[in-house]
*Asks:* 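This is the structure I want to talk about, given as structure tokens.
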Amino acid sequence: MNFLYRTGELILLNIVFLITCIPIVTIGSALTSFYYATIKSIRRERGTPVKEYFGSMKRTMKKGILLVLELAVWFGLLYIGRRYSQVNERSHMVVVYNVLMLLSAAVAVYVFPVLSRFEMKLTNCWKLAFLMCIRFFPYTIVIVAGTAGIAWLQFYILPMPCILFVPGLWCLVITFMMEQTLLAYMPKPEEGQEDAWYYDSGKKEQKNGEKRKMEKRSGMKKELFSAGRQSGQRDGPEKNRKHGA
């Protein structure tokens, strides 16, 4: 039931994300909020996804729009330069522009999670995203190649209704890699911040998940015991007395 509940929340979050991307200029803030709500509410189970999503959009709307405009201008210039080199048969420059486009896409993959986690100027967001892109190069390859592959599958192989959950599922997968990169640049938690959701590591998250499962099992056992006692079945107090309880 918990799996079905989380799946429903992820699909709902995915739909909200697609709707808020329609104005185009809001894509930056939508991507930022999508990551923020996915890691905080879906994985760490803090707050509700839609509430966290719109709270993040409110905080990052201005910077998100500026990021999208900067990316649009930069990729537009790269495309024009590549096209000009291709028309004039300058193959070496075409290769250079292809490399710049690929590197820019790799940095862009990190800049929105950075915006979701840190309060800093846009120039510092770009610098940090570039450093993360280089330092965690294996993650960069997986995320960029996976994103391109998922997009290709969605538009050419998978039926269109799959778009209601495929982006959310891939965003959830990305959080397992992206959180490792973000934690590497976060300051050490101060006193009282150890249990904050953004400092939760994989092992701690697994431990908390096991703890929640044990609490649920304990609650189910109590309910079964109470039901058995009320109905007079042998799996109630009579069975416990038989075993010396």
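In this text the structure is predicted, and so the values were computed from the model without any measurement. All values below were derived from every heavy atom in this structure, side-chain atoms included, with hydrogens, water molecules and symmetry-related copies excluded.
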*Asks:* Run the side chain to side chain contact (heavy atoms under 4.5 Å, CB included) test on Arg117 and Glu179 for me, step by step, so that the C-alpha distance in whole Å, both residues' side-chain angles and the decisive distance to 0.1 Å come before the verdict.
*Replies:* CA-CA 10 Å; Arg117 184 63 51 88; Glu179 282 303 301; 2.7 Å; yes
*Asks:* Quick check for you: to the nearest 0.5 Å, what is the distance between Met61 atom CE and Thr32 atom OG1?
*Replies:* 10.0 Å
*Asks:* For the residue pair Leu71 and Ala108, what are the closest heavy atoms and their distance?
*Replies:* CD2-CB, 4.0 Å
*Asks:* Using a 3.5 Å distance criterion without hydrogens, assess whether the side chain of Thr60 forms a donor-acceptor pair with backbone atoms of Ser56.
*Replies:* yes
*Asks:* State, to 0.1 Å, how close Ile27 and Cys21 come at their nearest heavy-atom pair, and which atoms those are.
*Replies:* CG1-O, 3.7 Å
*Asks:* Any donor-acceptor pair under 3.5 Å linking the side chain of Ser33 with the backbone of Ala30?
*Replies:* no
*Asks:* Could you walk me through whether Val96 and Arg82 pass side chain to side chain contact (heavy atoms under 4.5 Å, CB included), step by step?
*Replies:* CA-CA 8 Å; Val96 171; Arg82 183 184 182 279; over 6 Å; no
*Asks:* Quick one: salt bridge (Lys or Arg N to Asp or Glu O under 4.0 Å) partners of Arg6, sequence neighbours excluded?
*Replies:* Glu9, Glu45
*Asks:* Are any side-chain N or O atoms of Asn14 and backbone N or O atoms of Leu10, one a donor and one an acceptor, separated by less than 3.5 Å?
*Replies:* no
*Asks:* Tell me whether Leu182 is reachable from Val142 by hopping between hydrophobic residues (I, L, V, M, F, W, Y) whose side-chain heavy atoms are closer than 4.5 Å.
*Replies:* yes
*Asks:* Check for me, please, whether Leu122 and Met57 land in the same ILVMFWY cluster - side-chain distances under 4.5 Å, paths through other members count.
*Replies:* yes
*Asks:* I need the minimum non-hydrogen distance between Gln154 and Cys162, along with the two atoms involved.
*Replies:* OE1-C, 3.4 Å
*Asks:* For a quick test of reading the model, state the closest non-hydrogen atom pair linking Val25 to Ile65 and the distance between them.
*Replies:* O-CG1, 3.4 Å
*Asks:* Consider side-chain contact (heavy atoms from CB on, under 4.5 Å). Of Leu18, Ile39, Leu13, which one does Phe34 pass it with?
*Replies:* Leu13
*Asks:* For Thr20 and Tyr53, which I'm curious about, is there any donor-acceptor pair between the side chains at under 3.5 Å?
*Replies:* yes
*Asks:* OG of Ser85 to CE of Met93: how many Å apart, nearest 0.5 Å?
*Replies:* 5.0 Å
*Asks:* Less than 4.5 Å apart, any side-chain heavy atom of Phe130 and any of Val111?
*Replies:* no
*Asks:* Roughly how far, to the nearest 0.5 Å, is OH of Tyr36 from OG of Ser29?
*Replies:* 12.5 Å
*Asks:* Can you tell me if Phe118 has over 12 outside heavy atoms packed within less than 6.0 Å of its CZ?
*Replies:* yes
*Asks:* Cationic tip of Arg43 within the cone over Phe176's six-membered ring, i.e. under 6.0 Å and within 45° of the normal?
*Replies:* yes
*Asks:* So, taking the atom named CZ in Phe165 and the one named CG in Leu12, what distance separates them when rounded to the nearest 0.5 Å?
*Replies:* 15.5 Å
*Asks:* To the nearest 0.5 Å, what is the distance between CG (Leu172) and OH (Tyr35)?
*Replies:* 10.0 Å
*Asks:* Do Tyr110 and Thr140 have a side chain donor and acceptor closer than 3.5 Å?
*Replies:* yes
*Asks:* When hydrophobic residues are tied together by side-chain contacts of less than 4.5 Å, even through go-betweens, does Val99 share a cluster with Met101?
*Replies:* no
*Asks:* Do the non-hydrogen side-chain atoms of Phe17 and Leu31 ever get within less than 4.5 Å of each other?
*Replies:* yes
*Asks:* Measure the CG-SG distance between Leu103 and Cys133 for me, rounded to the nearest 0.5 Å.
*Replies:* 5.5 Å
*Asks:* Transitively linked via ILVMFWY side-chain contacts under 4.5 Å: Val50 with Tyr5?
*Replies:* no
*Asks:* Flag yes if Trp170 and Leu153 sit in one hydrophobic cluster, no otherwise; membership is Ile, Leu, Val, Met, Phe, Trp, Tyr, and two members link when side-chain heavy atoms are under 4.5 Å apart.
*Replies:* yes
*Asks:* Of all heavy-atom pairs between Ser104 and Trp74, which one has the smallest distance, and what is that distance?
*Replies:* OG-NE1, 2.7 Å
*Asks:* Verify salt bridge (charged side-chain N to carboxylate O under 4.0 Å, His left out) between Glu70 and Lys63, making sure each step is shown before the conclusion.
*Replies:* CA-CA 10 Å; Glu70 289 174 357; Lys63 290 184 177 180; over 6 Å; no
*Asks:* Take a 6.0 Å sphere around CZ of Phe136 and say whether it holds more than 12 heavy atoms from other residues, nucleotides or ligands.
*Replies:* yes
*Asks:* For Tyr185, look at atom OH and say whether over 12 heavy atoms of other residues, nucleotides or ligands are found less than 6.0 Å away.
*Replies:* yes
*Asks:* Looking at residues at least two apart in the chain, or sitting in another chain, which of them share a salt bridge (Lys or Arg N to Asp or Glu O under 4.0 Å) with Arg59?
*Replies:* none
*Asks:* Any chance you could lay out the side chain to side chain contact (heavy atoms under 4.5 Å, CB included) test for Ile174 and Met178, step after step, and finish with the verdict?
*Replies:* CA-CA 6 Å; Ile174 288 177; Met178 191 64 68; 4.1 Å; yes
*Asks:* Search all heavy atoms of Ala106 against all heavy atoms of Val144 and return the closest pair with its distance.
*Replies:* CA-CG2, 3.8 Å
*Asks:* Check whether Asn98 reaches the backbone of Val94 with its side chain - one donor and one acceptor, N or O, closer than 3.5 Å.
*Replies:* yes
*Asks:* Hey, is the main chain of Trp197 close enough, under 3.5 Å, to the side chain of Arg44 for a donor-acceptor pair?
*Replies:* yes
